[in-house]
Amino acid sequence: MKKVVILLVLIATSLMAGSFTLFSDSLDLDVGSYRTIKFRVTPDMADSTFIIGEYSTEPIPTKLEFILLTELNYQRGWEGRGEIDTLGVFYGKNGTLNLEVPDFGDFILVVSNRGNKDSVNFIADLSVAFRGSGITYDSLPFGLTLLMSILAIGIVLAAVLLTVKRTSSRRG
């Protein structure tokens, strides 16, 4: 039994190799109100990305609505200049949230108390989990090193050529 548990943990960690905390706190939601949680997914985090975690409501279990939007769609909705395209919606009472994030970019998770008759205190521990390391390769340090090396070689060559030219003109 112990070997099975260890095997399952190893498989789970290899499938979801990286994660970061999205929200670990509580929010007060009045009747018909909502709160937003903004986050960014880089291209290196965009492989099998999910919002996962546990949440609950107090004083009584209340069904909440979770809506995933791009930041641009969220802004369009407030300005009233375009249609809003939701990327994912989840309805549920106390329990587990599992919502897929389809791509990379800037996102807004809306936690809504719409349609309920009582105010609630939303308590959650949510993370964004993804496959891969999530480390973005930055070519700038390598490029700067290469540029400085070429510049140093050029200066040394110029100094050698000027020295050779001056010594040859003095002899002749």
Side-chain angles (χ1 to χ4, degrees), residues 1-2 4-141:
M1 180 68 178
K2 190 175 183 180
V4 172
V5 171
I6 292 172
L7 181 64
L8 288 175
V9 168
L10 289 174
I11 291 172
T13 56
S14 68
L15 290 177
M16 293 296 183
S19 68
F20 61 89
T21 301
L22 178 62
F23 180 82
S24 184
D25 203 353
S26 64
L27 294 172
D28 290 323
L29 294 167
D30 293 330
V31 175
S33 69
Y34 68 91
R35 298 288 186 270
T36 60
I37 302 168
K38 182 179 176 181
F39 64 100
R40 174 173 286 164
V41 174
T42 63
D44 298 320
M45 297 176 189
D47 184 18
S48 301
T49 308
F50 288 88
I51 298 172
I52 58 172
E54 299 288 324
Y55 70 96
S56 62
T57 58
E58 292 178 350
I60 57 172
T62 303
K63 190 173 185 179
L64 293 178
E65 179 180 32
F66 299 89
I67 305 168
L68 181 64
L69 304 165
T70 62
E71 185 178 20
L72 181 62
N73 275 318
Y74 178 74
Q75 290 171 352
R76 281 184 188 162
W78 279 110
E79 294 173 3
R81 296 185 182 192
E83 295 180 11
I84 298 175
D85 183 22
T86 57
L87 301 174
V89 178
F90 179 84
Y91 300 97
K93 290 187 179 182
N94 297 352
T96 303
L97 174 65
N98 189 356
L99 192 59
E100 183 177 10
V101 180
D103 206 358
F104 62 90
D106 293 325
F107 296 96
I108 303 284
L109 178 65
V110 177
V111 181
S112 173
N113 190 22
R114 180 171 61 169
N116 294 321
K117 298 178 183 177
D118 295 315
S119 298
V120 296
N121 185 21
F122 169 71
I123 304 160
D125 188 15
L126 304 176
S127 298
V128 175
F130 49 88
R131 188 179 300 175
S133 66
I135 299 170
T136 303
Y137 174 71
D138 187 9
S139 61
L140 186 59

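All residue numbers in this chain count up from 1 along the given sequence.
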Checklist entry - How many angstroms lie between CG in Leu99 and CG in Leu109, if you round to the nearest 0.5 Å? => result 7.0 Å

Checklist entry - Does some side-chain heavy atom of Ser56 sit less than 4.5 Å from a side-chain heavy atom of Ile123? => result yes

Next on the checklist: Using a 3.5 Å distance criterion without hydrogens, assess whether the side chain of Asn113 forms a donor-acceptor pair with backbone atoms of Leu29.
Outcome noted: yes

Checklist entry - Rounded to the nearest 0.5 Å, how far does CG of Asn121 lie from CD of Glu58? => result 5.5 Å

Next on the checklist: So, taking the atom named CG in Asp30 and the one named OG in Ser119, what distance separates them when rounded to the nearest 0.5 Å?
Outcome noted: 4.5 Å

Item to check | Check: Leu64 and Phe122 side chains under 4.5 Å, non-hydrogen atoms | outcome: yes

Item to check | Point-to-point distance, once rounded to the nearest 0.5 Å, from NZ of Lys117 to CD1 of Ile60 | outcome: 10.5 Å

Next on the checklist: Apply side-chain contact (heavy atoms from CB on, under 4.5 Å) to residues Thr70 and Phe107 and explain how you reach the verdict.
Outcome noted: CA-CA 4 Å; Thr70 62; Phe107 296 96; 4.2 Å; yes

Checklist outcome for this item: Scanning both residues in full, the closest heavy-atom pair of Glu100 with Pro102 reads O-CD, 3.7 Å

Next on the checklist: For Thr62 and Asp118, which I'm curious about, is there any donor-acceptor pair between the side chains at under 3.5 Å?
Outcome noted: no

Checklist entry - When you measure from the side chain of Tyr55 to the backbone N and O of Lys93, does any donor-acceptor pair fall under 3.5 Å? => result yes

Item to check | Minimum side-chain heavy-atom gap Ile67-Ile108 below 4.5 Å | outcome: no

Checklist entry - Within a radius of less than 6.0 Å around CZ of Arg40, do more than 12 heavy atoms belonging to other residues, nucleotides or ligands occur? => result no

Checklist entry - So do the side chains of Asn98 and Phe50 get within less than 4.5 Å of each other, counting heavy atoms only? => result yes

Checklist entry - With side chains defined as the heavy atoms from C-beta onward, is the minimum distance between Leu68 and Ile51 less than 4.5 Å? => result yes

Next on the checklist: Using only atom types and a distance under 3.5 Å, with no angle test, would you say the side chain of Asn116 pairs donor to acceptor with the backbone of Lys63?
Outcome noted: yes

Item to check | Side-chain (Asn94) to main-chain (Thr57) donor-acceptor, under 3.5 angstrom | outcome: yes

Checklist entry - Are any side-chain N or O atoms of Asn73 and backbone N or O atoms of Asp85, one a donor and one an acceptor, separated by less than 3.5 Å? => result yes

Checklist entry - If we only count heavy atoms from C-beta on, is the Asp125 to Phe23 side-chain gap below 4.5 Å? => result no

Checklist entry - Does some side-chain heavy atom of Phe104 sit less than 4.5 Å from a side-chain heavy atom of Met45? => result no

Item to check | Close side-chain approach of Val41 to Phe130, heavy-atom, < 4.5 Å | outcome: no

Next on the checklist: I'd like to know if the side chain of Ser112 reaches the main chain of Arg114, judged simply by a donor and an acceptor atom lying under 3.5 Å from each other, with no hydrogens or angles considered.
Outcome noted: yes

Item to check | Shortest non-hydrogen separation from Ala129 to Ser19 and the atoms involved | outcome: CA-CB, 3.9 Å

Item to check | Gap separating the OG1 atom of Thr36 from the CG atom of Leu27, nearest 0.5 angstrom | outcome: 9.5 Å

Checklist entry - Could you state the interatomic distance from CG (Leu126) to CZ (Phe39), rounded to the nearest 0.5 Å? => result 10.0 Å

